[in-house]
K.L.:
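If you scroll down you'll find the structure; I have some questions about it.
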Protein chains: 4
Amino acid sequence: MQPRKAEADRTFIETARRAQIVDAAIDTIAEVGYSRASLGRIAARAGISRGLISYHFTGKEELITEILRGVIEQSRAYMLPRITAQSTGPGMLRVYIESNLTFIREHRNHLIAIVEIARHRIAEGAPRGLPDHEPDQAVRALAQLLARFQKSGDLRSDFDPRAVAIAIRAAIDVAPARLSADPQFDIDSYAQDIIQVFDLATRTAD
Amino acid sequence: MQPRKAEADRTFIETARRAQIVDAAIDTIAEVGYSRASLGRIAARAGISRGLISYHFTGKEELITEILRGVIEQSRAYMLPRITAQSTGPGMLRVYIESNLTFIREHRNHLIAIVEIARHRIAEGAPRGLPDHEPDQAVRALAQLLARFQKSGDLRSDFDPRAVAIAIRAAIDVAPARLSADPQFDIDSYAQDIIQVFDLATRTAD
Amino acid sequence: MQPRKAEADRTFIETARRAQIVDAAIDTIAEVGYSRASLGRIAARAGISRGLISYHFTGKEELITEILRGVIEQSRAYMLPRITAQSTGPGMLRVYIESNLTFIREHRNHLIAIVEIARHRIAEGAPRGLPDHEPDQAVRALAQLLARFQKSGDLRSDFDPRAVAIAIRAAIDVAPARLSADPQFDIDSYAQDIIQVFDLATRTAD
Amino acid sequence: MQPRKAEADRTFIETARRAQIVDAAIDTIAEVGYSRASLGRIAARAGISRGLISYHFTGKEELITEILRGVIEQSRAYMLPRITAQSTGPGMLRVYIESNLTFIREHRNHLIAIVEIARHRIAEGAPRGLPDHEPDQAVRALAQLLARFQKSGDLRSDFDPRAVAIAIRAAIDVAPARLSADPQFDIDSYAQDIIQVFDLATRTAD
DNA sequence: TATGAATGAGGATTCATTCAT
DNA sequence: TATGAATGAATCCTCATTCAT
């Protein structure tokens with residue numbers, strides 16, 4: 001759905017309300033799961049009326065899309081500078097995984113929510129809303145990074161960057177659910193372990 | 001919940017119908033996603049009335065549980081002998097990944113469906129029905145395998161078997177969704193790639 | 001509904017089955033209440049298939065009517081001779097109440113069932129099936145008895161026999177429900193108490 | 001179950017709608033009986049949509065409980081002052097019966113409805129919602145009254161107050177159904193008749 | 001006779017959405 | 001801006017009944 005208004009036209013209050021609703025929606029999805037996250041429950045958590053959500057968002061879909069957009073934007077803002085600061089292949093890979101999992105640890109609910117949303121969007125074959133089918137985009141970007149370092153001889157050249165990108169993203173994307181379902185899951189040591197896995201798997205034999 | 005009848009008491013027709021319904025449910029879930037897979041849609045696909053599903057299954061939950069049970073059983077039957085036939089760590093790992101992905105390729109919808117179901121069950125915190133919270137069980141079994149070969153010196157000992165198991169399962173479990181969403185995804189070459197990833201990551205340095 | 005066959009045409013087996021079904025229905029109604037007493041549950045209790053009930057009875061209504069008919073017949077057979085054996089007004093009244101409550105005590109479920117049925121029939125304004133709206137018939141018969149003894153000077157003449165009949169029947173008809181809901185309810189001493197109540201209320205002042 | 005909101009928080013419109021729905025439910029139950037009184041029929045009678053009932057009440061049970069609560073409250077408000085104004089045993093008893101039946105006459109449908117509801121609640125063994133299993137409470141209160149006057153020598157002491165209370169309540173509770181099923185039933189003269197019955201049965205011999 | 005199979009109606013509930021105020 | 005009110009669709013489930021074997 002297209003937004004109710006162009007972003008630029010929004011008043012201060014409107015922007016604040018949208019943010020408040022988005023936050024409530026994230027927490028609700030993280031707590032009760034996507035399919036039980038009705039507008040009623042989201043409104044209740046935000047302490048506002050059901051109607052107000054409809055007032056600020058064209059429909060449920062716009063709200064969901066907004067969540068996605070926001071979280072992706074934040075995560076990019078956090079990770080991109082860190083990743084681009086690295087100049088070696090192994091370094092980039094380490095920081096990529098590390099910054100992803102750190103961001104997940106510090107934004108648990110946000111990530112639980114978008115993973116939930118992504119699954120539903122994929123499952124229901126509705127990749128509209130985002131210009132490009134979200135999880136794929138992340139895979140593609142990572143694959144490009146890998147390919148670049150393969151070319152420069154900084155990573156092994158005998159693997160398909162796309163396949164490995166899928167595996168890395170899978171290992172990362174599984175973390176939010178783990179985090180919420182398994183109290184013993186230690187995301188930091190998990191990070192170190194999979195950094196080693198993909199480091200060994202992609203590092204050139206010296 | 002509990003089945004309408006003990007399995008042994010079922011008529012030929014009853015068994016056939018149950019199977020037909022289970023199949024229709026699998027295809028429906030694979031096509032429209034878990035949350036849109038209503039009994040009505042499942043019945044429509046099977047070409048039967050809504051009531052007939054209720055006649056053969058105590059409730060939606062029994063149907064879902066039956067799907068899970070069936071697919072897990074089939075996949076075990078397919079993979080277990082292949083995996084246990086291997087005596088070396090790397091061999092086991094290769095066959096584990098390979099047989100999983102082969103099974104996925106040959107039972108696309110089945111796997112799409114159970115991954116969908118598993119997500120929902122996790123998300124809604126209701127892992128009842130199956131003795132043990134399904135995806136975890138798979139992780140745990142794989143972790144045990146890895147640990148065993150670590151102890152026998154057949155795999156590196158400097159990684160947490162549980163963490164690596166999670167990563168391997170993630171790489172496998174992501175395949176069904178890929179398969180259905182991305183027409184260019186080549187599961188066989190993906191298999192070879194991730195076999196190499198985890199082989200390099202776990203193989204002892206000679 | 002009219003019965004499937006004239007009573008005379010029934011084979012031995014048919015008669016036995018009908019009786020078995022009627023018994024199962026009585027126990028089911030007594031246990032789970034009228035509205036939860038589905039044909040499925042009745043069949044299950046009888047250990048037969050759902051279809052068989054439909055084979056022996058035109059519909060649920062015929063079954064229910066049959067229960068009513070049977071229990072009323074039995075209760076008449078038990079009570080009538082006892083009541084008509086009495087020649088005085090007070091004696092008749094005592095035996096009327098006593099034999100009713102004794103019959104109730106000895107046929108708990110049967111009585112619970114028909115009271116349940118009667119309520120539903122009244123409530124749903126469907127007094128068809130029986131030539132005459134059941135509870136009314138009992139009231140009317142009792143009122144006639146009372147009136148007869150009033151005329152012969154054997155009971156007070158300053159009460160409306162119909163009103164008192166209603167009150168007596170109410171005191172009796174309430175017993176089955178009490179019996180099943182209140183474990184401390186002692187039907188025998190209750191009988192003595194209400195015998196005294198209606199004796200004092202109707203006895204001529206000597 | 002528990003109401004959607006605390007009673008104090010309700011809007012004017014909300015209060016009015018709830019009352020309207022309760023009224024429609026009472027009339028529907030009185031007309032077609034408890035088990036046929038579906039939310040659909042109730043909504044139709046109220047001239048509103050099915051969903052609106054769910055909007056104002058948590059579920060069917062809350063609606064039913066609300067009916068019970070309301071009618072009991074009204075009937076208490078009507079009867080209690082009249083009964084407690086009496087100081088003698090026979091006087092109390094007369095006013096008890098009289099006020100009950102007057103209230104019934106003036107609130108026909110209300111009483112038909114709550115008797116219907118009470119039966120169902122008893123039959124299905126689910127006396128929750130109300131603090132105490134309703135009909136029993138009425139019996140108990142009356143039994144206490146009777147016992148008090150027995151002790152003070154104002155009523156015969158040779159009857160069980162509980163048994164007589166059951167009989168009196170039965171005579172009263174049967175009136176709503178009579179009223180609706182039997183057009184010739186004259187509740188006022190019925191009142192006078194059973195007042196005499198229980199007066200004669202409990203009055204001390206002077 | 002008896003069963004299992006199948007249907008379709010009806011019922012309670014949840015929910016996204018619309019609208020008047 | 002914000003709310004409460006209201007709707008109607010969708011969903012799961014139960015059930016009486018019908019029918020072929």
Side-chain angles (χ1 to χ4, degrees), chain A residues 11-14 16-17 35-43 46-61 63, chain B residues 4-5 9-14 16-18 35-43 46-63, chain C residues 11-14 16-17 35-43 46-61 63, chain D residues 4-5 9-14 16-18 35-43 46-63:
Chain A
T11 66
F12 170 73
I13 288 195
E14 175 143 23
R17 271 284 188 237
S35 42
R36 283 189 183 159
S38 67
L39 292 187
R41 260 188 269 266
I42 292 168
I48 58 172
S49 74
R50 260 196 304 286
L52 192 53
I53 296 182
S54 297
Y55 177 74
H56 285 288
F57 295 89
T58 310
K60 193 177 189 180
E61 220 178 300
L63 169 56
Chain B
R4 217 174 61 94
K5 277 187 189 180
D9 291 350
R10 292 196 192 116
T11 323
F12 171 73
I13 291 194
E14 172 142 27
R17 270 285 189 236
R18 281 178 71 99
S35 43
R36 284 191 182 156
S38 69
L39 293 186
R41 258 189 269 267
I42 293 169
I48 58 175
S49 74
R50 242 183 337 280
L52 191 53
I53 297 182
S54 297
Y55 176 74
H56 286 287
F57 294 89
T58 308
K60 192 177 189 179
E61 221 180 298
E62 196 208 333
L63 171 55
Chain C
T11 65
F12 170 74
I13 289 194
E14 175 143 23
R17 271 285 188 237
S35 42
R36 284 189 183 159
S38 67
L39 292 186
R41 262 189 268 267
I42 293 168
I48 59 173
S49 73
R50 259 195 305 285
L52 192 53
I53 296 182
S54 298
Y55 177 74
H56 285 288
F57 294 89
T58 310
K60 193 178 189 180
E61 222 179 299
L63 169 56
Chain D
R4 216 173 63 93
K5 277 188 189 180
D9 292 349
R10 291 195 193 118
T11 323
F12 171 72
I13 291 194
E14 174 143 26
R17 270 282 188 240
R18 281 178 70 100
S35 43
R36 283 190 183 158
S38 68
L39 292 186
R41 257 190 271 266
I42 292 168
I48 58 173
S49 74
R50 243 187 334 282
L52 190 54
I53 297 182
S54 297
Y55 176 73
H56 286 289
F57 294 88
T58 309
K60 193 177 190 180
E61 219 178 303
E62 196 208 334
L63 171 55

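The analysis underlying the following values was restricted to heavy atoms, covering all of them including side chains, and did not include hydrogens, waters or symmetry mates.
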K.L.:
Whether A:Arg17 contacts F:dA2 is assessed here as follows: a side-chain N or O lying under 4.0 Å from the phosphate OP1 or OP2. Is that the case?
P.N.:
yes

K.L.:
Spell out, as yes or no, whether a donor-acceptor pair under 3.5 Å connects the side chain of D:Arg41 to the backbone of D:Arg36.
P.N.:
yes

K.L.:
Output the rounded distance in Å from CD1 (B:Ile53) to P (E:dG8).
P.N.:
14 Å

K.L.:
I want to confirm an ordering. Mapping B:Ala37 and D:Ile48 to their closest nucleotides on DNA chain F, which one lands closer to the 5' end?
P.N.:
D:Ile48

K.L.:
May I ask you to verify if any side-chain N or O of D:Arg36 is less than 4.0 angstrom from the OP1 or OP2 atom of E:dG10?
P.N.:
no

K.L.:
In dot-bracket form, how is DNA chain E paired, counting a Watson-Crick or G-U wobble pair only if both its distances are under 3.5 Å and using | for bases paired to another strand?
P.N.:
.||||||||||||||||||||

K.L.:
Looking at every non-hydrogen atom in both residues, tell me the closest pair between D:Arg50 and D:Gly40 and how far apart they are.
P.N.:
CG-CA, 3.7 Å

K.L.:
Which value, rounded to the nearest 0.5 Å, describes the distance between B:Arg17 atom CZ and B:Tyr55 atom OH?
P.N.:
11.0 Å

K.L.:
Calculate, to the nearest 0.5 Å, the distance between atoms CD1 and CD1 belonging to B:Ile48 and B:Ile53 respectively.
P.N.:
5.0 Å

K.L.:
How is B:Arg10 classified with respect to the nucleic acid when contacts are heavy atoms under 4.0 Å: base, sugar-phosphate, or nothing?
P.N.:
nothing

K.L.:
Under 4.0 Å, heavy atoms only, any strand: does D:Ile13 hit a base, just the sugar-phosphate, or nothing?
P.N.:
sugar-phosphate

K.L.:
Could you pull out the protein-nucleic contacts involving nucleotides 17-19 of chain E (nitrogen or oxygen on both sides, under 3.5 Å)?
P.N.:
residue	atom	partner	partner atom	Å
E:dT17	OP2	A:Lys60	N	2.9

K.L.:
With sequence neighbours excluded, tell me which residues meet side chain to side chain contact (heavy atoms under 4.5 Å, CB included) with D:Arg18.
P.N.:
D:Arg10, D:Glu14, D:His56, D:Phe57, D:Glu62, D:Glu66

K.L.:
Rounded at 0.5 Å granularity, tell me how far CG in C:Leu63 sits from CD1 in C:Ile42.
P.N.:
5.5 Å

K.L.:
With a 4.0 Å limit, can you tell me whether D:His56 has a side-chain N or O closer than that to the phosphate oxygens OP1/OP2 of F:dA6?
P.N.:
yes

K.L.:
Would you say E:dA5 has OP1 or OP2 under 4.0 Å from some side-chain N or O of B:Thr11?
P.N.:
yes

K.L.:
Round to a whole Å and report the spacing from CZ of B:Arg41 to C1' of F:dA9.
P.N.:
12 Å

K.L.:
Quick one: D:Glu62 CD to E:dT13 P, roughly how many Å, whole number?
P.N.:
11 Å

K.L.:
Applying a 4.0 Å non-hydrogen cut-off, can you work out what C:Glu14 is touching in the nucleic acid: base, sugar-phosphate, or nothing?
P.N.:
nothing

K.L.:
Need to verify one output field. Residue with the more 5' nearest nucleotide on DNA chain E, C:Ser49 or B:Leu52?
P.N.:
C:Ser49

K.L.:
Which heavy atom of D:Ala37 sits nearest a heavy atom of D:Lys60, and at what distance?
P.N.:
O-NZ, 3.1 Å

K.L.:
Rounding to an integer number of Å, can you tell me how far D:Phe57 CZ sits from F:dA5 P?
P.N.:
12 Å

K.L.:
Can you identify which nucleotide, out of E:dT3, F:dA6, F:dC15, has its nearest atom closest to the C:Ser38 side chain?
P.N.:
F:dC15

